[in-house]
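Below is one structure, written out as structure tokens; comments come after it.
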Amino acid sequence: MATIIDGKAVSAFLKDGIKKECLELKEKGVSVCLAVIIVGDDPASRTYVNNKKKACEAVGIISREYALPADTSMAELLALIDELNNDREVNGILCQLPLPKGLSDELVIKAISPKKDVDAFSAENVGHIMIGDHTFLPPSAYPQYCFCGKECVVVGRSNIVGKPMAMLLLQQNGTVTICHSKTKNLKEVTRRADILVAAVGKPYFVTADMVKDGAVVIDVGMDRNSEGKLCGDVDFAEVSKKASYITPVPGGVGPMTIATLLKNTVTAAKQQNGLI
Ligand code: GUN
């Protein structure tokens, strides 16, 4: 039976440090502020945004919410982002994705200033992650672990999760394979993994027969099952019998994503105030 990696506990530890950093910044006259944009009324997005705002409050980051109706035009959304890019009180900008139909996630990612892109979604910030000189961590960043020489297999090649995750594993000396919907003999590849990262966005996609005995399984999925319940990309009940370590959903990577967002917002504030 696998040991469950408690993302909540790790993120609580990280948040303690972030809280201290915010206090130190306050003493230097710097209030850290994150602008959070939500468009439309998707319940899952609303939950994520509420969790992020609550986490900001807990560490002493001011969160400013901009809740726009689903029929907001692209021009209106871009005008708001432009305003926030130029607002000196705003250190980070987060626009919750995906946007409602008719609005472009890509245009929003392009519009947010890379200096305030605390999700690290922009081409510039992803590029920094690629070459290993990033200031902003990607949202799926995880605690340090010895990946040296290990077989790391990432299932999923999204710009937001799969690709940056693969780059981080590579920088930590893992031997990295990225699989996707066109990969032949997927099971054969995933069964090689010492570290298996699931980032496909399909509930229970990774089944026990795809996992090597003793593998470390990181589930980045935030899916809904047929009953509408939050679940991951991994069939946790079965895979946890084979893995050595596994992250649950919820309570695994999700809280780490929030901790990373907070850390990036503090980093942005420091950078914008000439403190790093
Ligand atoms: N939608 C799902 N995850 C994320 C995230 O980390 N950031 C943003 N902006 N939108 C998301």
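Start at 1 and go down the list; that is how both ligands and their atoms are numbered.
Note on L107: it clusters hydrophobically with F121, by side-chain heavy-atom contacts below 4.5 Å among ILVMFWY residues. Hydrophobic clustering (ILVMFWY, side-chain heavy atoms < 4.5 Å, transitive): V155 and V217 are in one cluster.
D119 OD1, 3.7 Å is the protein heavy atom nearest to atom 6 (O) of ligand 1. Closest to atom 10 (N) of ligand 1, if we only count protein heavy atoms, is L97 N, 3.0 Å. The protein heavy-atom contact nearest to atom 3 (N) of ligand 1 is Q96 NE2, 4.3 Å. Of the protein's non-hydrogen atoms, K52 NZ, 3.6 Å is the one closest to atom 5 (C) of ligand 1.
By the 3.5 Å distance cut-off applied to N or O atoms, F121 is not counted among the residues near ligand 1. For the pair C95 and ligand 1, the shortest N or O to N or O distance falls below 3.5 Å.
A268 and K115 get closest at one heavy-atom pair: CB-O, 3.8 Å. I129 and P138 make their closest contact through CD1-CD, 3.7 Å (heavy atoms, listed as atom of the first residue, atom of the second, distance).
The residue from N225, D233, D235 that alone fulfils the side-chain hydrogen bond (donor to acceptor under 3.5 Å, both in side chains) condition with Y204 is N225.
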